[in-house]
Amino acid sequence: MDVRQHALGVLFVLCGELDFDSVVQLHEAADAELGGATGRLPVVVDCAALTFCDSSGISALLRLYQRLTTEQRSLRLAAVPASVSRLFTLTGLDQLFSVHKDAAEALATGSDGRGAVPAVQQNEERSA
């Protein structure tokens, strides 16, 4: 996990697997980066290098989403792999998460969330 501060938001870059053994890294990074943060900048989770995500990983993303929502901040996911996107669709989370084709687009999206690419559309783009 790599965390980068940008003028437009905070970028969490996930690598490898987001599962029971690794979600603690996401929780710790969120606590460290967001603990004293003020403002309304969004958090972008870049999933381009994510190879696997289980229910623990999804729960960690939901926990982050809930935390940010209470702080009136947004969570944006970028470059979600097809396998994870499929899980979002099956669980209905594709209606909850703002999903973008890449981190640059997610960071550039306005505070109103415009510019989001639905998870289903993103899968179709990757298949083409």
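Put simply, CG on Leu75 and OG1 on Thr69 are 8.0 Å apart, with the number rounded to the nearest 0.5 Å. Separation of atoms OG (Ser85) and CG (Leu93) is listed at 10.5 Å; rounding is to 0.5 Å. Going from atom CG of Leu14 over to atom CG of Leu61 covers 7.0 Å, rounded to the nearest 0.5 Å. For the atom pair OG1 of Thr109 and CZ of Arg76, the computed distance is 5.0 Å after rounding to the nearest 0.5 Å. If you take OG on Ser98 and CG on Leu77, they are separated by 7.5 Å, rounding to the nearest 0.5 Å.
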Original post:
Does the pair Glu33 and Gln5 meet the rule for a side-chain contact (heavy atoms from CB on, under 4.5 Å), with working shown?
Top reply: CA-CA 9 Å; Glu33 293 299 320; Gln5 294 285 339; 2.6 Å; yes
**OP:** Mind running side-chain contact (heavy atoms from CB on, under 4.5 Å) on Phe88 and Ile58 for me, showing each step along the way?
**Re:** CA-CA 9 Å; Phe88 290 168; Ile58 290 174; 4.2 Å; yes
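Closest non-hydrogen pair, Leu18 versus Ser22, comes out as CA-OG, 3.3 Å. For Asp46 against Ala79, the heavy-atom pair with the smallest separation is OD1-CB, 4.0 Å. Of all the heavy atoms in Leu34 and Val43, the pair that sits closest is CD2-CG2, 3.9 Å. Listed here is the closest heavy atom pair of Val23 and Ser56: CG1-O, 3.4 Å. The two residues Leu26 and Met1 come nearest to each other via the heavy atoms CA-CE, 3.5 Å. Nearest heavy atoms, Leu68 versus Ser74: CD1-O, 3.9 Å.
Residue Val24 is not grouped with residue Phe20 when hydrophobic side chains (ILVMFWY) are merged at heavy-atom distances under 4.5 angstrom, including chains of intermediate members.
Residues Leu41 and Val10 have side chains not in contact (no heavy-atom distance under 4.5 Å, counting atoms from C-beta outward). Under the 4.5 Å side-chain criterion, counting only non-hydrogen atoms from C-beta, Arg86 is not in contact with Thr89.
In this structure, the side chain of Thr51 engages the main chain of Gly16 through a donor-acceptor pair within 3.5 Å. Remark: the backbone N or O of Glu71 is paired with a side-chain donor or acceptor of Arg40 at under 3.5 angstrom.
Ring geometry for Tyr65 versus Phe97: interplanar angle over 60°, hence perpendicular rather than tilted (30 to 60°).
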